[in-house]
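Along the sequence shown, residues are numbered consecutively beginning with 1. Both counts, for ligands and for their atoms, begin at 1 and track the order of listing.
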Amino acid sequence: MERIYPDIAILTGAGISAESGLATFRGSDGLWNNCRVEDVATIEAFHRNPEFVHDFYNEMKSELIKATPNPAHLAITRLQKEYPGQVNIITQNVDTLHEKAGSQNIYHIHGQINQAVCLNCGHILESWGDVTTETVCPHCETPGMMKPNIVFFGENLLYMDKVDRLLKNCGIFISVGTSGVVWPAAGFVQIARLNGAETFEFNLEQTSNNFYFDRHITGPAGTTLPRFVEEFLNKQKNG
Ligand code: BV8
């Protein structure tokens with residue numbers, strides 16, 4: 001009889017990039033400890049002071065371009081290569097470490113640091129260089145309308161139609177390195193679980209979402225995820 005391999009949906013947050021040296025948002029070294037969210041990550045802040053917000057993300061871009069994937073990212077790439085079912089990555093991260101690790105099927109629901117979007121025509125500009133209020137949209141040639149393609153608080157997430165289908169059709173939901181504080185991503189485990197998925201949480205500590213996870217694997221994802229993937233793939237092979 002044909003074996004069924006349930007689809008896997010993996011939600012990642014800043015914690016998966018921590019062992020690549022990138023600061024998380026709400027940890028002791030958190031990004032939000034050094035600046036107020038309201039000053040950089042809201043659409044009002046951008047309209048109030050676009051230069052400041054552009055500077056913040058240009059600075060972050062110069063950091064993220066240097067970062068390299070860690071064993072947690074590579075474990076997901078291995079799972080995608082060796083597991084016969086679909087493995088989709090829904091990431092809250094704006095870094096491109098999943099791409100650098102060779103992963104596919106990546107949905108950046110909070111945007112991407114190496115992209116800017118034109119508020120006039122919607123064109124997406126891929127660029128690791130600085131984007132400023134002077135940048136001219138290469139598509140509609142309007143100056144001063146480029147915004148970092150980062151989903152600010154109060155803005156809708158990207159790829160939500162696709163993500164909703166992935167959550168409702170996955171048989172396994174894995175959360176890695178997210179505090180489960182930011183919505184609607186914090187509610188994804190509930191959707192997956194209510195649609196029959198087995199749910200796993202990988203984090204240094206139990207999060208407020210703990211109730212919805214069948215298993216909680218505590219520890220640094222760079223250690224726990226490769227071990228989980230090894231055991232999971234062996235079980236798939238040996239039946
Ligand atoms: C929206 C962009 C609809 C900037 C980000 C009241 C209740 C509920 C919701 C709301 C509310 N008031 C407002 C809202 C909605 C709001 C929200 O959720 N607010 C929260 C804070 C209360 N959400 C929104 O506005 C979203 N949009 O709802 O749209 C709408 C539309 C129009 C009008 C109205 C509504 C938009 C949310 C996206 C905001 N943008 N980022 C940037 O990235 O610079 S959010 C920001 O948080 C990042 O994207 C980040 O990815 C995300 C989540 O953070 P985490 O990834 O979880 O990171 P964190 O530091 O928190 O945690 C790291 C975890 O890793 C920790 O648990 C740690 O233990 C663990 N860890 C650390 N090291 C390791 C590790 N784990 C394993 N191994 C390790 N080594």
About how many Å separate CD1 of I109 and CD1 of I89, when rounded to the nearest 0.5 Å?
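Here the rounded value is 12.5 Å.
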Consider every N or O of [X] and every N or O of ligand 1, then say whether any pair is closer than 3.5 Å.
X	value
G13	no
A14	yes
M60	no
G154	yes
T207	no
P184	no

Do the side-chain N and O atoms of [X] and [Y] include a donor-acceptor pair separated by under 3.5 angstrom?
X	Y	value
N149	Q115	yes
Q112	N114	yes
T77	S103	yes
H108	E99	yes

Under-4.0 Å heavy-atom contact with ligand 1, by part of [X] that carries it:
X	value
T24	both
E155	backbone
F152	backbone
I16	neither
Q92	both
A18	side chain

Salt bridge present between [X] and [Y] (N-O < 4.0 angstrom):
X	Y	result
E82	R78	yes
K61	D130	no
E198	R215	no

Which atom pair, heavy atoms only, marks the closest approach of E19 to A221?
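Heavy atoms of E19 and A221 come nearest at OE2-N, 3.3 Å.
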Could you tell me which non-hydrogen atom of A67 sits nearest to which non-hydrogen atom of S20, and how far apart they are?
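In terms of heavy atoms, the two residues are closest at CB-O, 4.5 Å.
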Between N70 (side chain only) and A72 (backbone N and O only), is there a donor and an acceptor less than 3.5 Å apart?
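Flag set: sc N70 to bb A72 pair under 3.5 Å.
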Any idea which atoms of ligand 1 are less than 4.0 Å away from a heavy-atom of [X]?
X	result
I150	2 (C), 4 (C), 42 (C)
V181	20 (C)
G177	63 (C), 64 (C), 65 (O), 76 (N)
E19	78 (N), 79 (C), 80 (N)
Y57	4 (C), 42 (C), 44 (O)
L157	26 (C), 27 (N), 36 (C)

Looking at non-hydrogen atoms alone, which of L158, L225, V151, I113 comes nearest to atom 5 (C) of ligand 1?
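Nearest heavy atom to atom 5 (C) of ligand 1 lies in V151.
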Can you establish whether the number of heavy atoms outside K237 located under 6.0 Å from its atom NZ is more than 12?
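Enclosed.
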